[in-house]
There are 2 protein chains.
Amino acid sequence: MAEKRSGCPINLSLEVIGDKWSLLVIRDMTFGNRRHFRELLTSSEEGIASNILADRLQRLVEAGLITRAPDPSHKQKVVYSLAEPGIQLVPVMAALGSWGRRHLPVSRELSIRAELLERGGPALWEDFMDELRELHLGKARPDGARSVLAHLTEAYLAEVARAEN
Amino acid sequence: MAEKRSGCPINLSLEVIGDKWSLLVIRDMTFGNRRHFRELLTSSEEGIASNILADRLQRLVEAGLITRAPDPSHKQKVVYSLAEPGIQLVPVMAALGSWGRRHLPVSRELSIRAELLERGGPALWEDFMDELRELHLGKARPDGARSVLAHLTEAYLAEVARAEN
DNA sequence: GATTGCTGGTTGCGATCTGCAACCACTCCG
DNA sequence: CGGAGTGGTTGCAGATCGCAACCAGCAATC
């Protein structure tokens with residue numbers, strides 16, 4: 001954070017999320033709705049180490065992408081939430097997912113969400129971001145608004161079930 | 001490259017371009033039309049070191065994002081070109097640029113391109129990618145097709161000139 | 001035909017980051 | 001009180017990074 005190699009938007013973005021783990025943490029919070037340290041640690045597909053996770057969470061809080069708050073239900077628990085800048089990474093993850101799906105050896109189960117995000121386009125991303133604002137920032141939204149998260153998760157689980165048969 | 005922590009598209013993408021330099025090299029090739037080692041080395045806003053540049057170029061070639069070819073005009077010269085997967089990173093860079101422009105302390109000159117890419121939307125990106133296919137892959141395209149690169153570069157230079165006054 | 005400069009790199013080395021495993025203080029539940 | 005669960009911290013070996021210095025081959029210059 002001290003550094004600032006140049007004022008280029010791409011460069012500055014990379015200085016914040018240009019490493020192998022930060023965006024995966026955001027991804028799990030966004031698509032997996034994981035909010036606690038242990039959830040992020042043990043449910044990670046890639047097996048992040050606890051010290052790396054602690055470091056990344058701290059950095060992301062400092063950078064303003066996520067927030068950290070005590071959980072009233074348990075005095076030692078901590079809830080991590082996406083802040084607005086973190087929520088707005090949805091299009092970035094969608095673009096990255098589309099690219100990876102096209103050019104890299106992805107697994108079908110894990111790429112179904114990327115496919116749906118790509119097909120849904122910006123309109124779907126906006127709905128998803130509104131849903132995240134509700135989940136993470138407590139902003140109410142109109143009754144009957146579709147749950148993109150549930151849609152994505154169902155599709156993922158269906159693929160998992162299909163792969164097992 | 002040997003690793004493959006998971007089959008998630010986002011994770012796999014990060015394993016290829018998830019570091020602080022790879023995407024900057026692609027950016028300079030894409031928006032600055034830099035094709036030679038020295039160009040990439042000395043014109044880099046961020047001051048990449050030569051060993052890092054050499055390493056990243058090699059990795060990007062191995063990953064299939066760019067190609068390396070001898071330059072007929074000078075037996076020791078080498079030309080680096082974007083391959084199709086590298087060209088298709090345009091939407092990723094556009095998304096990353098939009099995000100950075102919104103949430104980070106960018107400089108005006110360097111963010112004008114991100115702004116134009118954002119305003120132009122996917123239609124502009126497609127034209128730009130077609131132009132890159134012509135420049136890097138030699139694929140002809142219809143006469144009279146607009147040059148997005150020239151447009152972006154002019155806007156950038158105009159901003160530089162404006163900042164000096 | 002020696003010099004000078006440009007070409008794409010390589011080498012050495014210290015600092016930093018990564019990844020694994022073990023450990024810790026605290027809190028809630030029974 | 002005992003045990004499971006909480007968010008982490010600590011130690012340490014190995015990999016990676018980043019800077020600076022250096023290098024051999026080629027081409028134009030003097």
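In this text the structure is predicted, and so the values were computed from the model without any measurement. By convention in this document, chain letters (A, B, ...) are assigned in the order of the sequence lines, proteins followed by strands, and residues within each chain are numbered from 1.
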Separation of D:dG8 P from A:Leu41 CG (nearest whole Å): 11 Å
For B:Lys20 and C:dT16, give me the distance from atom NZ to atom P, rounded to whole Å. 15 Å
Between A:Leu82 and A:His136, what is the shortest heavy-atom contact and its length? N-ND1, 2.8 Å
For B:Glu46 and D:dC19, give me the distance from atom CD to atom P, rounded to whole Å. 12 Å
What is the distance, to the nearest angstrom, from the NZ atom on A:Lys77 to the C1' atom on C:dC29? 13 Å
Expressed as a whole number of angstroms, how long is the span from B:Leu57:CG to C:dT10:C1'? 14 Å
Scoring nucleotides 21-28 of chain D by protein non-hydrogen atoms under 4.0 Å (B base, S sugar-phosphate only, - none) yields B--BBSS-
In whole angstroms, the gap separating P of D:dG18 from CD of A:Glu15 amounts to 11 Å
Here's a test of your reading of the structure: between A:Ala49 and B:Gln58, which maps to the more 5' nucleotide of DNA chain C? B:Gln58
Distance check: side-chain N/O of A:His36 vs OP1/OP2 of D:dT6, anything under 4.0 Å? no
Compare the minimum distances between each of C:dT18, C:dG9, D:dT9 and the side chain of A:Ala54, then state the nucleotide with the smallest one. D:dT9
Under 4.0 Å between a side-chain N/O of B:Arg68 and OP1 or OP2 of C:dG9, yes or no? yes
Of the non-hydrogen atoms in A:Ile17 and A:Ser22, which two are nearest, and what is the gap between them? CA-CB, 4.2 Å
Looking at C:dG19, I'd like to know if its phosphate oxygens (OP1 or OP2) sit under 4.0 Å from a side-chain N or O belonging to A:Trp21. yes
For the backbone of B:Ala114 and the side chain of B:Ser111, can you confirm whether one donor and one acceptor N or O come within less than 3.5 Å of each other? no
Do the side-chain N or O atoms of A:Arg56 get closer than 4.0 angstrom to the phosphate oxygens (OP1, OP2) of C:dT18? yes
What integer distance in Å separates A:Ile48:CD1 from C:dT18:P? 10 Å
Closest approach to the side chain of A:Tyr80, judged atom by atom: which nucleotide of C:dG9, C:dT18, D:dG8 is it? D:dG8
Qualifying residue, where the test is side chain to side chain contact (heavy atoms under 4.5 Å, CB included) with A:Asn33 and the options are A:Leu135, A:Thr153, A:Leu132: A:Leu135
Walking DNA chain D from its 5' end, the first of A:Arg35 and B:Ile52 to be reached, judged by nearest nucleotide, is A:Arg35
Taking the six-membered ring of A:Trp21 as reference, does the NZ or CZ atom of A:Arg27 fall below 6.0 Å from its centre and within a 45° cone about the axis? no
Out of A:Ile52, A:Val78, A:Ile66, which residue meets the side chain to side chain contact (heavy atoms under 4.5 Å, CB included) rule with A:Leu57? A:Ile66
Round to a whole Å and report the spacing from CG of B:Asp19 to C1' of D:dA15. 15 Å
Axial cation check for B:Tyr80 ring with B:Arg35, 6.0 Å and 45° limits: no
